[in-house]
Amino acid sequence: MLAAVTEGFGGPERIEVVRVPIPRPGAGQVRVRVRAAGLNPVDGAVRAGVFGGEGQRLGFGWDVAGEIDELGADVAGWAVSDRVVGLHYGPVKPLGTHAEYAVLDASALAPAPVTVDQVTAAALPLSGLTAARAVDLLELPAGAAVLVTGAAGAVGGLAVQLAARAGYVVTALAGPGDEALVRSLGAAHFVPRGAAPAAAVDGVVDTAVLGGPALAFVRDGGTYVGLIPHAAPAAERGVRVVEQEVAADGAHLARLVKLVDTGDLTLRVARTFPLAEAPKAHAHLADPGTRGRIVLTA
């Protein structure tokens, strides 16, 4: 099969699309015929060597949408040809979902949405689980004022929707041209990038990874939720500082799928590239103004 890998750190030019043996599922695992897989900032970080793995062949891809192709031993509740989405957790791995086939733990899968195509569905797992866990960690009462930074991004846009659905009054911080977009996602208030909210907020979901400046927007005793482990600013003024780390959780993902199918969660795809053009896709990963997820199709 074809798979996108690298054997050295650097820019998009280090990505190779090569032929490798098709993997086999072990006990508790399934093999998925990949139809679409999101390209996330974490893939760029893997390519740059942020997570290590020097001297190893590293694969890319955390999101997957496709059909089950083979069941490993001791897998119940799934059948060959079931359409699924899932999260292939882990930055340092020999193969990811940027391949024609991927092996995942059965517990990482959820039934695919029925109201969107597989390309769109591939934008859900990592971004959706990240946003949902961040919003859950706020632990604020309904009606609380919540700021989402990077609100027009793939994760930020989902956080806006989930926070509004949780009953929070959402202020979206995003680019000057993004006001209509973030309001359509459920933001009650808008703050252009570089400005400050009119008043302190009860909590912030810092998808833009602003750190200290975002913490400064939170009232004394409020909550700051960061998205990158070990990168949050130090707590001050009694602000509770917490960090989310995404996990492959098929049950939680299934709840997000239901929100997609009921129209309560909107997924956005910015661009698509065939798997063979994975280096080109990586070159566009950091494009300013990208609104939604880049997706590779296999």
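- Here the straight-line distance linking atom OG1 of Thr130 with atom CG of Leu87 works out to 7.5 Å at 0.5 Å rounding.
- Grouping the Ile, Leu, Val, Met, Phe, Trp and Tyr side chains by contacts below 4.5 angstrom, directly or via other members, places Val116 with Leu253.
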What's the verdict on side chain to side chain contact (heavy atoms under 4.5 Å, CB included) for Glu70 and Val80, showing C-alpha distance, side-chain angles and the deciding distance?
-> CA-CA 6 Å; Glu70 183 178 350; Val80 171; 5.6 Å; no

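- Under the 30°/60° scheme for interplanar angles, the aromatic rings of His282 and His98 are found to stand perpendicular.
- Using a 4.5 Å heavy-atom cutoff, the side chains of Val42 and Leu126 are in contact.
- Between Arg24 and Val103 there is no side-chain heavy-atom pair separated by less than 4.5 Å.
- Note: the hydrophobic cluster containing Val32 also contains Val75 (ILVMFWY, side chain heavy atoms under 4.5 Å, direct or indirect links).
- Counting heavy atoms from C-beta on, the side chains of Asp63 and Leu124 never come closer than 4.5 Å.
- When every heavy atom of Arg19 is checked against every heavy atom of Leu2, the shortest pair comes out as CG-CD2, 3.7 Å.
- Thr297 OG1 to Phe273 CZ: the interatomic distance, rounded to the nearest 0.5 Å, is 10.0 Å.
- Looking at heavy atoms from C-beta onward, Leu39 lies in side-chain contact with Leu285 at the 4.5 angstrom threshold.
- A distance of 9.5 Å separates OH in Tyr168 from CG in Asp202, rounded to the nearest 0.5 Å.
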Tyr89 and Val246: CA distance, side-chain angles, deciding distance, side chain to side chain contact (heavy atoms under 4.5 Å, CB included) verdict | CA-CA 8 Å; Tyr89 178 86; Val246 74; 4.1 Å; yes

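- Within the 4.5 Å cutoff, no side-chain heavy atoms of Thr171 are placed close to those of Val146.
- Of all the heavy atoms in Val169 and Ala188, the pair that sits closest is CG1-CB, 4.0 Å.
- How far CD of Gln161 is from OG of Ser184: 8.0 Å, rounded to the nearest 0.5 Å.
- Taking hydrophobic clusters as Ile, Leu, Val, Met, Phe, Trp and Tyr residues chained together by side-chain heavy-atom distances below 4.5 Å, Val170 does not share a cluster with Leu173.
- Under the 4.5 Å side-chain heavy-atom criterion for Ile, Leu, Val, Met, Phe, Trp and Tyr, Val34 and Trp78 are members of the same hydrophobic cluster.
- In terms of heavy atoms, Thr149 sits closest to Ala214 at CG2-CB, 4.3 Å.
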With side chain to side chain donor-acceptor pair (under 3.5 Å) as the test, would you mind laying out the steps for Glu7 and Gln56 before giving the verdict?
-> CA-CA 6 Å; Glu7 295 188 0; Gln56 303 177 43; over 6 Å; no

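- When every heavy atom of Val46 is checked against every heavy atom of Gly59, the shortest pair comes out as CG1-O, 4.4 Å.
- Leu296 and Val119 end up in different hydrophobic clusters when Ile, Leu, Val, Met, Phe, Trp and Tyr side chains are linked at under 4.5 Å.
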Check step by step if side chain to side chain contact (heavy atoms under 4.5 Å, CB included) holds for Arg271 and His284.
-> CA-CA 9 Å; Arg271 299 187 63 172; His284 287 277; 3.0 Å; yes

Hey, mind stepping through Asp69 and Tyr101 against side chain to side chain donor-acceptor pair (under 3.5 Å) and telling me if it holds?
-> CA-CA 8 Å; Asp69 173 74; Tyr101 294 88; 4.6 Å; no

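- For the pair Val148 and Val204, the minimum side-chain heavy-atom distance is 4.5 Å or more.
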For salt bridge (Lys or Arg N to Asp or Glu O under 4.0 Å), just list the numbers for Asp178 and Arg291, CA-CA rounded to whole Å, side-chain angles, deciding distance to a tenth of an Å, and then say yes or no.
-> CA-CA 9 Å; Asp178 293 319; Arg291 297 293 177 258; 2.8 Å; yes

Thr6 and Glu16: side chain to side chain contact (heavy atoms under 4.5 Å, CB included), yes or no, with the steps?
-> CA-CA 6 Å; Thr6 187; Glu16 299 179 87; 6.0 Å; no

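- Contact of the Leu185 side chain with the Leu181 side chain is registered, since non-hydrogen atoms from C-beta on lie closer than 4.5 Å.
- Note that CG of Asp264 and CZ of Arg165 are 4.5 Å apart. Values are rounded to the nearest 0.5 Å.
- Here the shortest heavy-atom pairing between Pro176 and Pro192 reads CA-CB, 4.5 Å.
- Remark: Leu256 CG to Leu129 CG distance equals 5.5 Å, nearest 0.5 Å.
- By the 4.5 Å heavy-atom criterion applied to side chains, Leu162 and Leu259 are counted as neighbours.
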Decide salt bridge (Lys or Arg N to Asp or Glu O under 4.0 Å) for Asp220 and Arg237; before the verdict, give the C-alpha distance in whole Å, the side-chain angles of both, and the deciding distance to 0.1 Å.
-> CA-CA 5 Å; Asp220 294 359; Arg237 299 178 290 105; 2.8 Å; yes

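- Residues Thr97 and Gly61 approach most closely at OG1-C, 3.1 Å, considering heavy atoms.
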